Amino acid sequence: QVQLVESGGGLVQAGGSLRLSCLASGRTFLRYSMAWFRQAPGKERECVVVVRWSGGSPYYADSVKGRFTISRDNAKNTVYLQMNSLKPEDTAVYYCAAGYTDSNDPKRYDYWGQGTQVTVSS
């Protein structure tokens with residue numbers, strides 16, 4: 001079992017920055033791919049970024065490339081999402097997820113956090 005707890009959401013003006021954190025419980029953190037998804041009202045949950053347990057470059061959605069950066073501190077069992085140059089269209093609930101997968105399909109992820117709201121005002 002893995003429990004995920006997100007933090008760091010909030011209200012920010014367009015062009016601003018936020019950093020989300022996802023703290024994972026359990027001693028098998030290293031075995032999981034970690035991802036951030038987001039879901040805006042009336043829209044499907046979409047993958048923002050994946051950092052794979054198998055290594056390699058993270059996957060970023062085209063909409064966030066060059067603006068968002070994922071990092072992983074295995075010693076702290078924490079994944080971070082640094083979000084810069086935020087836009088109103090980034091407004092959504094952001095979820096941290098963990099799974100034995102390299103996919104960006106939310107169905108492939110077994111564990112989810114409760115979500116944290118990010119609101120970007122224009």
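Being a predicted model, the structure only gives us computed values, none of them experimental.
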Please evaluate residues M83 and T69 with respect to the criterion side-chain contact (heavy atoms from CB on, under 4.5 Å), reporting the C-alpha separation (whole Å), side-chain torsions for both, the decisive distance (0.1 Å), and the verdict. CA-CA 7 Å; M83 305 186 295; T69 304; over 6 Å; no

Looking at every heavy atom in both [X] and [Y], which two are closest together, and how far apart are they?
X	Y	result
C47	N104	CB-O, 3.3 Å
S57	R52	O-NH1, 2.9 Å
G99	D110	CA-OD2, 4.0 Å
P88	S122	CG-CB, 3.8 Å

Taking T101's backbone N and O only, do any of them form a donor-acceptor pair with S103's side chain (distance below 3.5 Å, no angle check)?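 Side chain of S103 to backbone of T101, a donor-acceptor pair under 3.5 Å: no, none is there.
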
Counting N and O atoms only, with roles assigned by atom type, does the side chain of T116 sit under 3.5 Å from a partner on the main chain of G9, one being a donor and the other an acceptor? yes

Between Y95 and R38, does any side-chain donor sit less than 3.5 Å from a side-chain acceptor?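 No, R38 and Y95 have no side-chain donor paired with an acceptor closer than 3.5 Å.
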
Could you give the distance from [atom1] ([X]) to [atom2] ([Y]), rounded to the nearest 0.5 Å?
X	Y	atom1	atom2	answer
D90	N84	CG	CG	11.0 Å
F68	L18	CZ	CG	9.0 Å
S63	R67	OG	CZ	6.5 Å
L81	W36	CG	CH2	6.0 Å
S25	Y111	OG	OH	9.5 Å

Evaluate E6 against S21 for side-chain contact (heavy atoms from CB on, under 4.5 Å), listing each step before the verdict. CA-CA 5 Å; E6 302 105 332; S21 300; over 6 Å; no

How about F37 and W112: are their ring centres within less than 6.0 Å of each other?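 Yes, ring centres under 6.0 Å apart.
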
Stepwise side-chain contact (heavy atoms from CB on, under 4.5 Å) test for Q117 and T91: CA-CA 8 Å; Q117 177 70 46; T91 296; 4.0 Å; yes

Looking at R108 and D102, does any basic side-chain N land under 4.0 Å from a carboxylate oxygen?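 Looking at D102 together with R108, the answer is no, because their closest N to O distance does not fall below 4.0 Å.
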
Salt-bridge criterion met for D62 and K65 (N-O under 4.0 Å):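 Yes, this pair counts.
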
Would Q82 and S71 count as a side-chain contact (heavy atoms from CB on, under 4.5 Å) here? Give the steps. CA-CA 8 Å; Q82 179 66 44; S71 59; over 6 Å; no

Could you state whether [X] and [Y] fall into the same hydrophobic cluster, counting links through intermediate Ile, Leu, Val, Met, Phe, Trp or Tyr residues with side-chain heavy atoms under 4.5 angstrom apart?
X	Y	result
V79	Y100	yes
V93	L4	no
V50	Y60	no

Just wondering, more than 12 heavy atoms not from Q3 lying within 6.0 Å of its CD?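 Atom CD in Q3 is not packed in, count stays at 12 or less.
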
Candidate list D73, I70, L20, test side chain to side chain contact (heavy atoms under 4.5 Å, CB included), partner Y80, passing option: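 The option that passes is D73.
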
Validation row: Y59, V49 side chains within 4.5 angstrom (heavy atoms):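 No, every pair of side-chain atoms sits at 4.5 Å or beyond.
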
Taking the side chain as everything from C-beta on, heavy atoms only, tell me whether Q39 gets closer than 4.5 Å to E46.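 In short, these two side chains do not touch, never coming nearer than 4.5 Å.
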
